[in-house]
Number of protein chains: 2
Amino acid sequence: MKNFINHIRQFVNFTDDEAAAFYNVMTEVHFKKGAHLLEQGSICGQVYFITKGTVIYFMKQDDSEIINEVFFENCWVTEYGSFLAKSPATKSIRAMDEVTVLALSYNNMQQLYSKAQCYERFGRLMAENLFVTHERAMIHMRKSAEERYLMFAKERPELLQRIPQYMIASMLNITPEALSRIRRRAIKPVRQAQ
Amino acid sequence: MKNFINHIRQFVNFTDDEAAAFYNVMTEVHFKKGAHLLEQGSICGQVYFITKGTVIYFMKQDDSEIINEVFFENCWVTEYGSFLAKSPATKSIRAMDEVTVLALSYNNMQQLYSKAQCYERFGRLMAENLFVTHERAMIHMRKSAEERYLMFAKERPELLQRIPQYMIASMLNITPEALSRIRRRAIKPVRQAQ
DNA sequence: AATAAAAATTGATGTAGATCAATAAAAACG
DNA sequence: CGTTTTTATTGATCTACATCAATTTTTATT
(Lines give C-alpha, C1' and ligand atoms only; values in the text may rest on other atoms or scores of the structure.)
Protein backbone atom coordinates (compact mmCIF):
# COMPACT_ATOMS: atom_id res chain seq x y z
CA MET A 1 0.00 0.00 0.00
CA LYS A 2 2.76 2.41 0.95
CA ASN A 3 4.52 1.74 -2.37
CA PHE A 4 1.35 2.22 -4.33
CA ILE A 5 0.51 5.52 -2.70
CA ASN A 6 4.05 6.80 -3.13
CA HIS A 7 3.80 5.81 -6.75
CA ILE A 8 0.55 7.61 -7.51
CA ARG A 9 1.71 10.70 -5.66
CA GLN A 10 4.56 11.06 -8.12
CA PHE A 11 1.88 12.10 -10.58
CA VAL A 12 -0.85 13.84 -8.58
CA ASN A 13 -0.81 15.34 -5.11
CA PHE A 14 -3.57 13.16 -3.69
CA THR A 15 -4.83 13.86 -0.16
CA ASP A 16 -4.69 10.92 2.24
CA ASP A 17 -8.39 10.30 1.68
CA GLU A 18 -8.14 10.43 -2.09
CA ALA A 19 -5.15 8.11 -2.11
CA ALA A 20 -6.88 5.69 0.26
CA ALA A 21 -10.01 5.69 -1.90
CA PHE A 22 -7.86 4.87 -4.89
CA TYR A 23 -6.09 2.05 -3.08
CA ASN A 24 -9.40 0.68 -1.84
CA VAL A 25 -10.79 -0.01 -5.31
CA MET A 26 -7.69 -2.02 -6.20
CA THR A 27 -7.84 -5.76 -5.68
CA GLU A 28 -4.74 -7.78 -4.88
CA VAL A 29 -4.36 -10.77 -7.21
CA HIS A 30 -1.63 -13.41 -7.38
CA PHE A 31 -0.43 -15.19 -10.49
CA LYS A 32 1.75 -18.27 -10.59
CA LYS A 33 4.72 -18.48 -12.92
CA GLY A 34 3.45 -18.99 -16.45
CA ALA A 35 -0.12 -17.87 -15.67
CA HIS A 36 -1.77 -15.33 -17.95
CA LEU A 37 -2.94 -11.94 -16.73
CA LEU A 38 -4.41 -11.46 -20.20
CA GLU A 39 -4.91 -13.79 -23.16
CA GLN A 40 -4.75 -12.48 -26.71
CA GLY A 41 -8.27 -12.41 -28.17
CA SER A 42 -10.08 -11.85 -24.90
CA ILE A 43 -11.16 -8.44 -23.70
CA CYS A 44 -8.84 -6.76 -21.25
CA GLY A 45 -10.95 -5.76 -18.27
CA GLN A 46 -8.24 -4.66 -15.85
CA VAL A 47 -5.29 -2.39 -15.46
CA TYR A 48 -2.63 -3.98 -13.27
CA PHE A 49 -0.17 -2.33 -10.97
CA ILE A 50 2.62 -4.83 -10.31
CA THR A 51 3.78 -5.05 -6.71
CA LYS A 52 5.94 -8.18 -7.10
CA GLY A 53 7.42 -10.18 -9.95
CA THR A 54 7.91 -9.80 -13.68
CA VAL A 55 5.49 -10.05 -16.58
CA ILE A 56 5.95 -10.12 -20.32
CA TYR A 57 3.68 -8.29 -22.71
CA PHE A 58 3.79 -10.20 -25.98
CA MET A 59 2.07 -11.10 -29.22
CA LYS A 60 1.61 -14.52 -30.67
CA GLN A 61 2.64 -14.63 -34.30
CA ASP A 62 2.48 -17.89 -36.19
CA ASP A 63 4.16 -20.32 -33.78
CA SER A 64 6.48 -17.86 -32.06
CA GLU A 65 5.99 -15.11 -29.50
CA ILE A 66 7.07 -11.54 -30.09
CA ILE A 67 7.88 -9.81 -26.81
CA ASN A 68 6.91 -6.17 -26.83
CA GLU A 69 7.72 -5.25 -23.28
CA VAL A 70 8.73 -6.54 -19.87
CA PHE A 71 7.28 -4.98 -16.75
CA PHE A 72 8.02 -5.45 -13.05
CA GLU A 73 7.49 -3.88 -9.62
CA ASN A 74 5.86 -0.46 -9.60
CA CYS A 75 4.88 -0.64 -13.26
CA TRP A 76 1.38 -0.49 -14.67
CA VAL A 77 0.51 -3.00 -17.34
CA THR A 78 -2.59 -3.45 -19.48
CA GLU A 79 -3.60 -3.72 -23.11
CA TYR A 80 -4.88 -0.18 -23.22
CA GLY A 81 -6.46 -0.48 -26.66
CA SER A 82 -8.48 -3.49 -25.63
CA PHE A 83 -9.26 -2.08 -22.20
CA LEU A 84 -10.57 1.25 -23.46
CA ALA A 85 -12.51 0.01 -26.47
CA LYS A 86 -13.56 -3.33 -24.94
CA SER A 87 -12.17 -4.94 -28.09
CA PRO A 88 -10.27 -8.24 -28.32
CA ALA A 89 -6.70 -7.93 -27.11
CA THR A 90 -3.94 -8.23 -29.69
CA LYS A 91 -1.40 -8.97 -26.97
CA SER A 92 -1.07 -11.32 -24.03
CA ILE A 93 0.40 -10.75 -20.59
CA ARG A 94 2.11 -13.62 -18.75
CA ALA A 95 3.75 -13.96 -15.36
CA MET A 96 7.44 -14.85 -15.66
CA ASP A 97 7.65 -15.74 -11.96
CA GLU A 98 5.42 -15.38 -8.88
CA VAL A 99 3.55 -12.17 -9.55
CA THR A 100 1.39 -10.01 -7.29
CA VAL A 101 -0.64 -7.16 -8.71
CA LEU A 102 -3.19 -4.61 -7.67
CA ALA A 103 -5.97 -4.86 -10.25
CA LEU A 104 -8.21 -1.97 -11.23
CA SER A 105 -11.31 -2.91 -13.19
CA TYR A 106 -12.78 -0.85 -16.00
CA ASN A 107 -15.87 0.03 -13.99
CA ASN A 108 -13.92 1.00 -10.92
CA MET A 109 -11.68 3.17 -13.02
CA GLN A 110 -14.61 4.96 -14.62
CA GLN A 111 -16.15 5.47 -11.20
CA LEU A 112 -12.94 7.04 -9.95
CA TYR A 113 -12.92 9.34 -12.95
CA SER A 114 -16.49 10.41 -12.22
CA LYS A 115 -15.82 10.85 -8.55
CA ALA A 116 -13.22 13.59 -8.60
CA GLN A 117 -10.99 15.42 -11.01
CA CYS A 118 -7.80 14.29 -9.27
CA TYR A 119 -8.31 10.77 -10.61
CA GLU A 120 -9.04 12.02 -14.08
CA ARG A 121 -5.85 14.05 -13.91
CA PHE A 122 -3.96 10.97 -12.87
CA GLY A 123 -5.38 9.11 -15.85
CA ARG A 124 -4.39 11.93 -18.16
CA LEU A 125 -0.85 12.09 -16.84
CA MET A 126 -0.44 8.32 -17.10
CA ALA A 127 -1.63 8.30 -20.70
CA GLU A 128 0.61 11.26 -21.56
CA ASN A 129 3.58 9.51 -20.03
CA LEU A 130 2.84 6.30 -21.87
CA PHE A 131 2.61 8.12 -25.14
CA VAL A 132 5.81 10.11 -24.72
CA THR A 133 7.77 7.05 -23.62
CA HIS A 134 6.39 5.13 -26.55
CA GLU A 135 7.18 7.84 -29.05
CA ARG A 136 10.74 7.92 -27.80
CA ALA A 137 10.97 4.16 -28.22
CA MET A 138 9.74 4.47 -31.78
CA ILE A 139 12.83 6.52 -32.69
CA HIS A 140 14.98 3.53 -31.82
CA MET A 141 13.05 1.21 -34.10
CA ARG A 142 14.49 3.04 -37.10
CA LYS A 143 18.09 2.39 -36.09
CA SER A 144 20.30 -0.61 -36.85
CA ALA A 145 20.15 -3.74 -34.69
CA GLU A 146 23.46 -2.89 -33.08
CA GLU A 147 22.38 0.64 -32.23
CA ARG A 148 19.10 -0.67 -30.80
CA TYR A 149 20.97 -3.05 -28.55
CA LEU A 150 23.51 -0.50 -27.36
CA MET A 151 20.77 2.02 -26.63
CA PHE A 152 18.77 -0.60 -24.78
CA ALA A 153 21.76 -1.72 -22.74
CA LYS A 154 22.44 1.87 -21.78
CA GLU A 155 18.87 2.84 -20.95
CA ARG A 156 17.67 -0.33 -19.27
CA PRO A 157 20.68 -2.18 -17.89
CA GLU A 158 18.57 -3.78 -15.15
CA LEU A 159 16.60 -5.70 -17.77
CA LEU A 160 19.74 -7.31 -19.15
CA GLN A 161 20.16 -9.01 -15.78
CA ARG A 162 16.55 -9.86 -15.33
CA ILE A 163 15.41 -11.61 -18.49
CA PRO A 164 17.07 -14.12 -20.84
CA GLN A 165 18.91 -12.83 -23.86
CA TYR A 166 16.53 -14.33 -26.39
CA MET A 167 13.73 -12.23 -24.91
CA ILE A 168 15.81 -9.10 -25.25
CA ALA A 169 16.43 -10.09 -28.86
CA SER A 170 12.68 -10.42 -29.35
CA MET A 171 12.01 -7.01 -27.80
CA LEU A 172 14.65 -5.50 -30.09
CA ASN A 173 13.18 -7.29 -33.10
CA ILE A 174 16.32 -9.22 -33.91
CA THR A 175 17.16 -12.93 -33.83
CA PRO A 176 18.97 -14.44 -30.81
CA GLU A 177 21.82 -15.36 -33.16
CA ALA A 178 22.23 -11.80 -34.37
CA LEU A 179 22.11 -10.47 -30.80
CA SER A 180 24.77 -12.93 -29.73
CA ARG A 181 27.03 -11.70 -32.52
CA ILE A 182 26.33 -8.06 -31.71
CA ARG A 183 27.27 -8.66 -28.09
CA ARG A 184 30.46 -10.41 -29.09
CA ARG A 185 31.46 -7.47 -31.25
CA ALA A 186 30.41 -4.90 -28.65
CA ILE A 187 31.66 -6.48 -25.45
CA LYS A 188 34.75 -8.56 -26.26
CA PRO A 189 36.85 -5.61 -27.49
CA VAL A 190 36.36 -3.90 -24.12
CA ARG A 191 37.42 -6.99 -22.18
CA GLN A 192 40.52 -7.45 -24.32
CA ALA A 193 41.57 -3.89 -23.58
CA GLN A 194 41.72 -4.46 -19.81
CA MET B 1 -15.29 27.06 -35.34
CA LYS B 2 -18.07 24.66 -36.22
CA ASN B 3 -15.53 22.04 -37.28
CA PHE B 4 -13.52 22.48 -34.12
CA ILE B 5 -16.53 22.11 -31.87
CA ASN B 6 -17.77 19.09 -33.75
CA HIS B 7 -14.34 17.62 -33.39
CA ILE B 8 -14.00 18.08 -29.65
CA ARG B 9 -17.53 16.80 -29.07
CA GLN B 10 -16.48 13.47 -30.57
CA PHE B 11 -14.54 13.00 -27.35
CA VAL B 12 -16.46 14.81 -24.62
CA ASN B 13 -20.03 16.03 -24.47
CA PHE B 14 -19.22 19.69 -23.93
CA THR B 15 -22.05 22.10 -23.28
CA ASP B 16 -22.26 25.09 -25.63
CA ASP B 17 -20.59 27.26 -23.02
CA GLU B 18 -17.80 24.80 -22.34
CA ALA B 19 -17.15 24.35 -26.05
CA ALA B 20 -17.15 28.10 -26.64
CA ALA B 21 -14.74 28.65 -23.76
CA PHE B 22 -12.45 26.05 -25.29
CA TYR B 23 -12.63 27.67 -28.71
CA ASN B 24 -12.01 31.09 -27.22
CA VAL B 25 -8.59 30.23 -25.83
CA MET B 26 -7.47 29.00 -29.24
CA THR B 27 -5.66 31.48 -31.49
CA GLU B 28 -5.84 31.27 -35.24
CA VAL B 29 -2.40 31.30 -36.85
CA HIS B 30 -1.37 31.07 -40.50
CA PHE B 31 1.80 29.52 -41.85
CA LYS B 32 3.14 29.88 -45.35
CA LYS B 33 4.37 26.88 -47.29
CA GLY B 34 7.72 25.84 -45.87
CA ALA B 35 7.30 27.75 -42.59
CA HIS B 36 8.01 25.98 -39.32
CA LEU B 37 5.36 25.49 -36.65
CA LEU B 38 8.14 24.04 -34.50
CA GLU B 39 11.91 23.84 -34.89
CA GLN B 40 13.88 20.95 -33.50
CA GLY B 41 15.82 22.11 -30.42
CA SER B 42 13.37 24.79 -29.37
CA ILE B 43 10.70 24.25 -26.74
CA CYS B 44 7.28 23.40 -28.05
CA GLY B 45 4.86 25.82 -26.43
CA GLN B 46 1.71 25.08 -28.40
CA VAL B 47 -0.62 22.34 -29.40
CA TYR B 48 -2.02 22.96 -32.89
CA PHE B 49 -5.37 21.97 -34.30
CA ILE B 50 -5.07 22.10 -38.07
CA THR B 51 -8.04 23.66 -39.86
CA LYS B 52 -6.42 23.91 -43.29
CA GLY B 53 -3.40 22.44 -45.05
CA THR B 54 -0.83 19.75 -44.43
CA VAL B 55 2.15 19.59 -42.10
CA ILE B 56 5.00 17.14 -41.71
CA TYR B 57 6.34 16.04 -38.37
CA PHE B 58 9.96 15.12 -38.92
CA MET B 59 13.43 14.70 -37.46
CA LYS B 60 16.67 16.02 -38.83
CA GLN B 61 19.29 13.33 -38.96
CA ASP B 62 22.71 14.11 -40.39
CA ASP B 63 21.85 15.89 -43.62
CA SER B 64 18.51 14.21 -44.31
CA GLU B 65 15.05 14.48 -42.83
CA ILE B 66 13.18 11.53 -41.42
CA ILE B 67 9.44 12.02 -41.69
CA ASN B 68 7.57 10.56 -38.77
CA GLU B 69 4.05 11.67 -39.59
CA VAL B 70 1.91 13.80 -41.83
CA PHE B 71 -1.08 15.65 -40.43
CA PHE B 72 -3.86 17.64 -42.04
CA GLU B 73 -7.32 19.13 -41.42
CA ASN B 74 -8.94 18.21 -38.12
CA CYS B 75 -5.76 16.71 -36.71
CA TRP B 76 -3.91 17.84 -33.62
CA VAL B 77 -0.17 18.14 -33.86
CA THR B 78 2.49 18.95 -31.30
CA GLU B 79 5.71 17.55 -29.92
CA TYR B 80 4.05 16.27 -26.79
CA GLY B 81 7.28 15.31 -25.03
CA SER B 82 8.70 18.78 -25.49
CA PHE B 83 5.39 20.49 -24.76
CA LEU B 84 4.75 18.66 -21.48
CA ALA B 85 8.29 18.69 -20.10
CA LYS B 86 9.28 22.06 -21.60
CA SER B 87 12.33 20.28 -22.97
CA PRO B 88 13.97 20.87 -26.37
CA ALA B 89 12.00 19.32 -29.20
CA THR B 90 13.55 16.35 -30.98
CA LYS B 91 11.26 16.88 -33.97
CA SER B 92 10.26 19.73 -36.23
CA ILE B 93 6.90 20.59 -37.75
CA ARG B 94 6.72 22.27 -41.15
CA ALA B 95 3.87 23.51 -43.33
CA MET B 96 3.74 21.68 -46.67
CA ASP B 97 1.32 24.23 -48.12
CA GLU B 98 -0.74 27.15 -46.82
CA VAL B 99 -1.64 26.08 -43.32
CA THR B 100 -4.13 27.46 -40.82
CA VAL B 101 -4.20 26.23 -37.25
CA LEU B 102 -5.88 26.94 -33.97
CA ALA B 103 -3.07 27.17 -31.44
CA LEU B 104 -3.46 26.29 -27.78
CA SER B 105 -0.65 27.47 -25.53
CA TYR B 106 0.69 25.52 -22.58
CA ASN B 107 -0.64 28.03 -20.07
CA ASN B 108 -4.07 28.18 -21.65
CA MET B 109 -4.22 24.42 -21.67
CA GLN B 110 -3.31 24.19 -17.99
CA GLN B 111 -5.91 26.84 -17.19
CA LEU B 112 -8.56 24.85 -19.01
CA TYR B 113 -7.57 21.77 -17.02
CA SER B 114 -7.91 23.70 -13.78
CA LYS B 115 -11.20 25.26 -14.79
CA ALA B 116 -13.37 22.17 -15.15
CA GLN B 117 -13.09 18.42 -15.30
CA CYS B 118 -14.53 18.22 -18.81
CA TYR B 119 -11.32 19.67 -20.24
CA GLU B 120 -9.18 17.35 -18.20
CA ARG B 121 -11.24 14.48 -19.52
CA PHE B 122 -10.71 15.69 -23.03
CA GLY B 123 -6.96 15.77 -22.40
CA ARG B 124 -7.05 12.26 -21.01
CA LEU B 125 -9.02 10.90 -23.94
CA MET B 126 -6.72 12.58 -26.45
CA ALA B 127 -3.62 11.16 -24.78
CA GLU B 128 -5.21 7.71 -24.58
CA ASN B 129 -6.08 7.85 -28.26
CA LEU B 130 -2.61 8.99 -29.20
CA PHE B 131 -1.07 6.16 -27.26
CA VAL B 132 -3.31 3.44 -28.66
CA THR B 133 -2.83 4.65 -32.24
CA HIS B 134 0.88 4.79 -31.68
CA GLU B 135 1.06 1.34 -30.16
CA ARG B 136 -0.80 -0.05 -33.15
CA ALA B 137 1.66 1.65 -35.48
CA MET B 138 4.53 0.08 -33.59
CA ILE B 139 3.33 -3.39 -34.59
CA HIS B 140 3.88 -2.48 -38.23
CA MET B 141 7.46 -1.41 -37.63
CA ARG B 142 8.39 -5.04 -37.02
CA LYS B 143 7.16 -6.17 -40.41
CA SER B 144 8.97 -6.26 -43.76
CA ALA B 145 9.14 -3.16 -45.96
CA GLU B 146 6.62 -4.64 -48.36
CA GLU B 147 4.16 -5.46 -45.58
CA ARG B 148 4.58 -1.98 -44.13
CA TYR B 149 3.76 -0.41 -47.46
CA LEU B 150 0.76 -2.62 -48.16
CA MET B 151 -0.62 -1.98 -44.68
CA PHE B 152 -0.10 1.74 -45.08
CA ALA B 153 -1.74 1.82 -48.51
CA LYS B 154 -4.72 -0.02 -47.07
CA GLU B 155 -5.10 2.02 -43.90
CA ARG B 156 -4.26 5.49 -45.22
CA PRO B 157 -4.99 5.56 -48.94
CA GLU B 158 -5.70 9.31 -48.84
CA LEU B 159 -2.08 9.98 -47.89
CA LEU B 160 -0.80 8.20 -51.00
CA GLN B 161 -2.54 10.91 -53.04
CA ARG B 162 -1.56 13.74 -50.84
CA ILE B 163 2.19 13.53 -50.34
CA PRO B 164 5.07 12.55 -52.62
CA GLN B 165 6.25 8.99 -52.65
CA TYR B 166 9.67 9.73 -51.20
CA MET B 167 7.96 11.07 -48.09
CA ILE B 168 5.92 7.93 -47.76
CA ALA B 169 9.15 5.98 -48.09
CA SER B 170 10.62 8.06 -45.28
CA MET B 171 7.59 7.47 -43.05
CA LEU B 172 7.88 3.74 -43.70
CA ASN B 173 11.62 3.82 -43.01
CA ILE B 174 12.61 2.55 -46.43
CA THR B 175 14.50 4.19 -49.31
CA PRO B 176 12.59 5.75 -52.22
CA GLU B 177 14.27 3.22 -54.51
CA ALA B 178 13.07 0.28 -52.46
CA LEU B 179 9.54 1.70 -52.31
CA SER B 180 9.50 2.15 -56.06
CA ARG B 181 10.42 -1.50 -56.51
CA ILE B 182 7.87 -2.65 -53.97
CA ARG B 183 5.17 -0.74 -55.81
CA ARG B 184 6.19 -2.20 -59.12
CA ARG B 185 5.95 -5.70 -57.67
CA ALA B 186 2.69 -4.98 -55.90
CA ILE B 187 0.81 -2.96 -58.50
CA LYS B 188 1.95 -4.11 -61.93
CA PRO B 189 0.76 -7.73 -61.57
CA VAL B 190 -2.78 -6.46 -60.92
CA ARG B 191 -2.75 -4.24 -64.01
CA GLN B 192 -1.42 -7.07 -66.16
CA ALA B 193 -4.24 -9.31 -65.06
CA GLN B 194 -6.90 -6.95 -66.39
C1' DA C 1 5.60 25.38 -75.31
C1' DA C 2 10.37 25.38 -73.60
C1' DT C 3 13.21 24.93 -69.83
C1' DA C 4 14.39 23.88 -65.33
C1' DA C 5 13.72 21.46 -61.12
C1' DA C 6 11.86 17.78 -58.45
C1' DA C 7 10.45 13.09 -58.12
C1' DA C 8 10.38 8.41 -59.60
C1' DT C 9 12.35 4.51 -61.90
C1' DT C 10 15.86 1.18 -63.15
C1' DG C 11 20.23 -1.35 -62.89
C1' DA C 12 24.47 -2.96 -60.53
C1' DT C 13 26.48 -4.05 -56.42
C1' DG C 14 27.16 -4.33 -51.32
C1' DT C 15 25.85 -5.65 -46.63
C1' DA C 16 23.19 -6.24 -42.29
C1' DG C 17 20.83 -9.43 -40.46
C1' DA C 18 17.81 -13.74 -41.31
C1' DT C 19 17.75 -18.64 -41.54
C1' DC C 20 19.36 -23.30 -40.89
C1' DA C 21 22.18 -26.51 -38.48
C1' DA C 22 25.37 -27.88 -35.11
C1' DT C 23 27.60 -27.45 -30.76
C1' DA C 24 28.57 -25.49 -26.22
C1' DA C 25 27.32 -23.48 -21.98
C1' DA C 26 24.12 -22.61 -18.25
C1' DA C 27 20.12 -23.58 -15.50
C1' DA C 28 16.76 -26.56 -13.63
C1' DC C 29 15.63 -30.76 -11.52
C1' DG C 30 15.10 -35.56 -9.84
C1' DC D 1 25.42 -35.08 -7.88
C1' DG D 2 24.65 -36.40 -12.90
C1' DT D 3 21.00 -35.78 -16.30
C1' DT D 4 17.77 -33.29 -18.86
C1' DT D 5 16.18 -28.97 -20.62
C1' DT D 6 16.84 -24.38 -21.75
C1' DT D 7 19.66 -20.78 -23.47
C1' DA D 8 23.63 -19.02 -25.91
C1' DT D 9 27.26 -19.35 -29.32
C1' DT D 10 29.36 -20.26 -33.75
C1' DG D 11 29.59 -21.22 -38.73
C1' DA D 12 27.67 -21.38 -43.48
C1' DT D 13 24.57 -19.59 -46.50
C1' DC D 14 20.80 -16.70 -48.22
C1' DT D 15 17.95 -12.54 -48.94
C1' DA D 16 15.78 -8.13 -48.26
C1' DC D 17 16.94 -3.87 -48.56
C1' DA D 18 20.60 -0.15 -48.79
C1' DT D 19 23.68 2.45 -51.58
C1' DC D 20 25.44 4.53 -55.71
C1' DA D 21 24.84 6.06 -60.35
C1' DA D 22 22.24 6.89 -64.42
C1' DT D 23 17.96 7.77 -66.77
C1' DT D 24 13.18 8.82 -67.30
C1' DT D 25 8.99 10.87 -65.86
C1' DT D 26 6.40 14.41 -63.67
C1' DT D 27 5.71 18.95 -62.00
C1' DA D 28 6.67 23.79 -61.72
C1' DT D 29 8.24 28.18 -63.88
C1' DT D 30 9.01 31.55 -67.30
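Below, read A as the first sequence line, B as the second, and so on, with proteins coming before strands; counting in each chain starts at 1. Computed from a predicted model, the values in this text were never measured in an experiment.
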Ignoring backbone atoms, test whether B:Thr175 places a side-chain nitrogen or oxygen under 4.0 Å from the OP1 or OP2 oxygen of D:dC17. no
Below 4.0 angstrom from OP1 or OP2 of D:dA12, is there any side-chain N or O of A:Arg181? no
Side chain B:Ser82, main chain B:Cys44, donor-acceptor under 3.5 Å: yes
Any donor-acceptor N/O pair, A:Ser180 side chain to A:Pro176 backbone, under 3.5 Å: no
With a sphere of 6.0 Å drawn around NZ of A:Lys33, does it hold more than 12 non-hydrogen atoms of other residues, nucleotides or ligands? no
Answer yes or no: does atom CG of B:Asp97 have more than 12 heavy-atom neighbours from other residues, nucleotides or ligands under 6.0 Å? yes
Check the distance between [N]'s [atom2] and [X]'s [atom1] and give it to me in whole angstrom.
| X | N | atom1 | atom2 | result |
| --- | --- | --- | --- | --- |
| A:Arg184 | C:dA16 | CZ | P | 14 Å |
| A:Arg142 | D:dA18 | CZ | P | 12 Å |
| B:Lys33 | C:dA6 | NZ | C1' | 11 Å |
| B:Glu65 | C:dA7 | CD | P | 12 Å |
| B:Glu147 | D:dA16 | CD | C1' | 12 Å |
| A:Leu179 | D:dT10 | CG | P | 12 Å |
| A:Lys143 | D:dA18 | NZ | C1' | 18 Å |
| B:Arg183 | D:dC17 | CZ | P | 16 Å |

Check whether the ring centres of B:Phe11 and B:Phe122 lie less than 6.0 Å apart, and answer yes or no. yes
Quick check on the 6.0 Å ring-centre criterion: do A:Phe4 and A:Phe22 meet it? yes
Annotated protein contacts, base or backbone, on nucleotides 23-30 of chain D with a non-hydrogen cut-off under 4.0 Å, one of B, S, - each: --------
Which of B:Tyr48, B:Phe83, B:Phe49 passes ring-ring contact (aromatic ring centres under 6.0 Å, His included) with B:Trp76? It is B:Phe49
Among A:Lys154, A:Lys143, A:Arg183, A:His140, whose side-chain hydrogen bond (donor to acceptor under 3.5 Å, both in side chains) with A:Tyr149 holds? A:Arg183
Between [Y] and [X], is there a salt bridge with N-O shorter than 4.0 Å?
| X | Y | answer |
| --- | --- | --- |
| B:Glu69 | B:Arg156 | yes |
| A:Glu65 | A:Lys60 | no |
| A:Glu177 | A:Arg181 | no |

I'd like to know if A:Glu177 reaches the base of C:dC20 with its side chain such that a donor and an acceptor end up less than 3.5 angstrom apart. yes
Tell me, which of residues 160-174 of chain A have any heavy atom that sits under 4.0 Å from an atom in DNA chain D? A:Pro164, A:Gln165, A:Tyr166
Closest of D:dG11, D:dC17, D:dC20 to the B:Ala145 side chain is D:dC17
Once pairs are restricted to Watson-Crick or G-U wobble with both distances under 3.5 Å, how does DNA chain D read as a dot-bracket string, [ ] for crossings and | for other-strand pairs? ||||||||||||||||||||||||||||||
Below 30° counts as parallel, above 60° as perpendicular, anything between as tilted: where do the rings of A:Phe58 and A:His36 land? tilted
